[in-house]
Structures are given as C-alpha cells and as structure tokens.
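The block underneath contains the structure these notes are about, expressed in structure tokens.
As the structure is a computational prediction, the values presented were derived from the model and not from experiment.
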Amino acid sequence: MALTLSGEEIGAKLEEKFPGSIVESDKDSFLVRSEFLLPVADYLKDTPGLDFDFLSYITAVDYYEYFEVVYRLTSLEHNHSLVMKARCYGRDNLSLPSVVSLWRGADFQEREIYDLMGISFDSHPNMRCIFLWDSFEGHPLRRDYL
Amino acid sequence: MAIKTEPFVLNMGPQHPSTHGVFRMRLTLDGEVVVDLEPIFGYLHRGIEKLVEGRTYAQIIPITDRLDYAAPMSNNLAYVLAVEKLAGITVPERAEYLRVIMAELQRIASHLLAVGSFLNDCGAYFTPFLYMWRERESIVDLFDMVCGQRLTYNYMRIGGVSHDVPDEFLVALDKFVGRMPFFIDEYDQLLAENEILLARTKGVGILSKELAINSSASGPVLRGTGVEWDIRRAAPYSIYDRFKFDIPIGSVGDCYDRYRVRVEEMRQSVRIINQAMKQLPPGEIRSEVPPLLRPPVGEAYGHIESPKGELGFYLVSDGSIAPYRLHIRPPSLINLTALRDMIIGWKIQDVVVVLGSIDICLGEVDR
Amino acid sequence: MEIDINEKQVYSSTELNKVEAETIEALRMGSQQVIPDPDEWLAQELKGNVLLTTVDFFLNWARRSSLWTMLCFPACCAMEFMSASASRFDLSRFGMEILRASPRQADLMITAGTLTWKMAPQIKRIYDQMAEPKWVIAMGACAITGGTFAQSYSVVPGYNHLIPVDVYVPGCPPRPEALIHAIQMLQDKIAKRKNL
C-alpha cells in the first residue's frame, strides 16, 4: 500500500538541511521557496530513504494573487509519495527553475504550464508553446481568461 | 571513403494513417536513418481543463469520456475516484464490483485496439486488426447493454454507477470471459513467434529502465522495461486489493516487450473479471449524493492504472458547485517524453513501429 | 534565256482582284445562316434517343458505388468509423471499403472528430487537394457545430466554416448504422447530380 509522506515531517527535515527554504507545511504538502526549489528537489531525489525517482505530474493553479505550482513526487522503490509546492507572485514575467535536469518527465508538462498558464521555467531546454500556436494571445487556463 | 550525405527534414503528420490521430513529428533524416525528432502536439487541443471550470462536478463525467476515447470507462473511474476522495463519499459494494468489471473489460478493449493497430503498423495489414476488432465488438456490446452507448459510456457516477446491470449482461459476460482466453491463444498462434514480427520488433526502440523511470513513463511502456509498477498493486484503489492477479513485465524494454506485456495483461484482466463475477454481491448501486455536489475546500488526486498508464485527476475545490481547477495527468503525453531517445538511430520505417508500441491516444495527449 | 518579267504574270492584278472578290462573295453568300451550337445540333441528331440521360446515370452510378474515403480521423468518431468499416458492420457492402491516405486518390471525406484551429489549415489543404468531384460527410456533433467543445477557445465550430458539407450525421459519436445511413443519403444525392 502506497504511503503518503507527511509534508510536516519532510518539511522539518528540509528546513534543517536548507535553512529558510520551507515557507509552510501541512500534513499533505509543503511549500518551498522558489530559489530553493532545485536544491530541495535534488535532495529529495538522491537522498537514500527518500529516493523520489518518479515525478508523477506537475501542474499549476491560479489563485489570482499568486500561482501555485504543484509537484507530486513518487518513489518506485519505497512506494511512497509527496506533494511539493512552489509559488510565483504577480501576473507578468513569472518564472521558476526547471526540474527537467532532474526528471525528464517534466519536459512536456513544464511546456504545457508555460503555454496555458504563462509561467516560464528557467533553463528548460525547449521553452516554447506546446498546444497552442505561436501567435495565440493570452494563457487560457488563467482564471481571468474568458 | 566516407560518403557525405545531407540531412533533410521530413514532416510526418498531423494527417498520417500511422500516427493514431493527429500527432505530428518533425524528423531529421540522414538517408533513411533518423537523426533528430521533434514531436509537435496540439492538433486536438480542445481546452478540456478550461471547459470543466464552468460545469458542475457531475456534468464533467461526459467530458472525461472524450479524453482517451479508446478507454472511456477508465477515465470515468479515475475522475469519480478523485471527486469521491475530495468529498469523502463512500461507494456501495456492488457498485465497486461493477466498476472493477467495467474497468477491466475496458482494459481488454483498449489493449485489443492497441495491439491490433500496432501489428497493423508492423505490416500485418488489417488481418490481426480485424480479428481483434471482433472481440472488441463483443465488449462494446456488453457496454451497450449496461449504458446504451457504444463509445462514450458516461456510466460511472459520483458515489456509484448509473444503472444496475441487466440480467442478460452477466450471462453474456460469462460467455465472453469463457471464450476470451482462447481468442488470446489464437492471436499468439498467429503472431507471437512470427519471424517477420520478431525481426521488426525485437531489439527495436529500446527504452532503458533508468530512462523510463526518469521520464515518468507508466503503464505497459514502464512495465516493458522490467519495472514491476502497477497502481492497482502499488496503491490499490476501489477494491483491487481483493483480487489475485500477476503483473506481467518485460525484460529489455523493446517494442516486442511492450506488445507482450499488453497481451499478458489481457489474460490477467480476464482473471480479475472472473473473480469479480463470482464475488458480485447484491445491493445498492449508488449512494445518496446531492445533484449539486459542493465538496469542502481542498484538493485531491485520484489516480488509476488506465490501459495507457497512470491516469490521474488533480482537483482543487473552492467549496462551490464547479471545480476551481482540474488537472489531468495524461499518460499518453508523458509516455512520449522518451520517444526521441527511442527512435534516434533507427530507420524511418521503425518510427511507426515504436510509436505504435507506445500506444498513444490523441484525445488524451492534447486534451 | 532572257526572262521577261511580264510573262510570269499569268493573271493581271485586275483579274486577281476579281477572283478574290468572287471568293469573298461566295463565302458571304454561304454564311447567311447561323451555324447551330454543337449541343443543339447534337440534340437534333439524337432526338428521341435516351443516351444522354444514360451517361448521367452511368457516371453517377459509378461514382456513388465506389466512394473512396479519405482518412481524416482527428478524434473519437474515428473509433465508430473503424467499427463501421470492420467486419461486423461491413461498409464494403456499399462499395466503400477502400480507405485512402492520400487525398488525391479520394473523393469522399468523412470528417470524424473535433477540429481545432491549429488543425484547420491542414484540413482545408486536404480538401483542396482532393480531385473533383468530391463530397464531405460531417460525422458527429463536433464536426457539425463543435458539439461538447463548441465554447472552447481552440475549437472550430463546425467543419462548414472551412469546407462545404454535403451530409451531416448527428450523434456523439454516431452509431455505425447512422454513418451507413448517411452514406446512403449521400449516394442518393450523387444519383441526382447533373454531369453534362
């Protein structure tokens, strides 16, 4: 049976390792500061006992004041999973570090978020529209797109 | 003396009989050998994730039918599981069994289509496809009996299923699962050891275990590489923990392994249906759920092992009658991440074989 | 021998002028009647014969009985088209079993599925590449009006915004029987076509 790891426990562990990296955490997920996203992800992927080798999905949610990007990580070895979140504030020129260097599976999903939500991912090898054509105006999945 | 050749770009799709829909690849070729590949999506992007924001939770079920149109029952199941998780709804026993029977029948139907069109792409022009379509039609007839539709079933409901099965359904189902193993044997006799099929698929389009995990592949693509990962076993949803079944895995991760995994999964699905039919209890088929469901504020992720891989629905609720955000984890799209690595270095005629062995459905890739 | 220039002139210029005038006059006299149009002349020749209507009938019979279908299957309705063309519903009973991947060899386009604006240029191009005479069946709700996805930002609300459609088949998706009925309706339509 799959185990969903507690965001609080992992969050406390990460806060110890990377001071100032975790903004908040609850039983389901923890919120990581965007500048710490890559080191935290790298730590989660390579630490024995955690071994989050499989990225289930990435998605983004528009909460008007900020965009929340949700990463669901799974470990095939230990059969446990974890939800990591990061936020971008504002409406324009949003960016987050890309995790493609860690998990190749993020490739198309980050492009999808860029296309439909308008959050670009730094150091992504191919940051272009994926579903819509190049001259399409707006980002349809934002709440203010009608 | 080395002969210099000039690479040229070949556009394959979106209008192409072997791309299983409107998928497009921009291939760079050196003679016959593929040196680069760029997949291009979006020719069937219908904006489903935006459309659902204006619908109530129950109204979204018909839209999920049109995601992976080769397996609508699985999509229904994944969606209602996510809503039930979000709203904390329990499902009656009989409905759980009916859901499992439908999902496993759908897995057989989807794999029949996948294997049939894969063999079609390998050059067995339409003969195996028509054999497998014969059984697919019997499954479609069974679905027609319970919900009156041939393709977009809209059968699962939040908290149960829409109708109880008619009496003749169980008789017909019993007859079908009794015959199905012989049909699978028949396909194997025709093709499993066929010289041409082996030559075209053995060792072609190898995906390594590490790359498959790293690129988030799931379903038969992941299991073909030898990773024993099936959500039915790893995180049993519905009542899958009550059934005995094996998880078939491949050894090297080539096209042949993915084909064999699908054929073996059909046998396992027959096994599950047989057990579910024997245990099917009488009783209610739907629990009381208000028509305008207002789940509490929060989020939930419901995922199942669909025929293509891990199909998940991520729901965010703001307490109103419509979801605030619905994200679909599309196995077909994510399985294509490693397509470039699988095809580079192979010849142009292997492209359709590798693509056929991944088994994509464009309704799900583009959404 | 000395050549006398005058000996070469068999006719004097006066005589030549006279001959030319006679030719013109003869043509003028012979052209007082209007030559009948070729078609009317043909109709006069074959008055009472039924050959022309037979040619029409024959052409239409040949065209409607072997419609070659263009493979244009963007989405879900393709599954029902495959069902219709597979052994159970057996579309080949109506002379339709040949599916062409090249538009230049096809004369019927069955538009089975949702059309997005990104795909629209390709569909238009496929239609333009098909040889005349050509027909279009819009299969399913998406092909008629956009169906379930009509309000979406990326979906074309019906194929008839791009290409002329002959027969509409409602349903989401239409059952194979409905598709076969639509094809028979199209065949009836072709049978009434005037070719000459």
Return the set of residues passing ring-ring contact (aromatic ring centres under 6.0 Å, His included) with Phe149(C) (not counting sequence neighbours), or none when no residue passes.
none
Answer with side chain, backbone, both or neither: which region of Tyr145(A) has an atom nearer than 4.5 Å to a non-hydrogen atom of chain C?
side chain
Counting heavy atoms not belonging to Met185(C), are there more than 12 under 6.0 Å from its CE?
no
Atom CZ of residue position Arg143(A) - does it have more than 12 heavy atoms of other residues, nucleotides or ligands inside 6.0 Å?
yes
Tabulate, in ascending numerical order, the residues of residues 157-174 of chain C having at least one heavy atom closer than 4.5 Å to a heavy atom of chain A, or enter 'none'.
none
Applying salt bridge (charged side-chain N to carboxylate O under 4.0 Å, His left out), which residue pairs with at least one partner in residues 50-77 of chain A are found, sequence neighbours left out?
Asp62(A)-Arg91(A), Glu68(A)-Lys85(A), Glu68(A)-Arg87(A)
Within residues 104-117 of chain C, which residues come under 4.5 Å of chain A, heavy atom to heavy atom?
Trp117(C)
Has Trp133(A) got more than 12 heavy atoms of other residues, nucleotides or ligands less than 6.0 Å from its CH2?
yes
Around atom CG of Asn93(A), are there more than 12 heavy atoms from other residues, nucleotides or ligands closer than 6.0 Å?
no
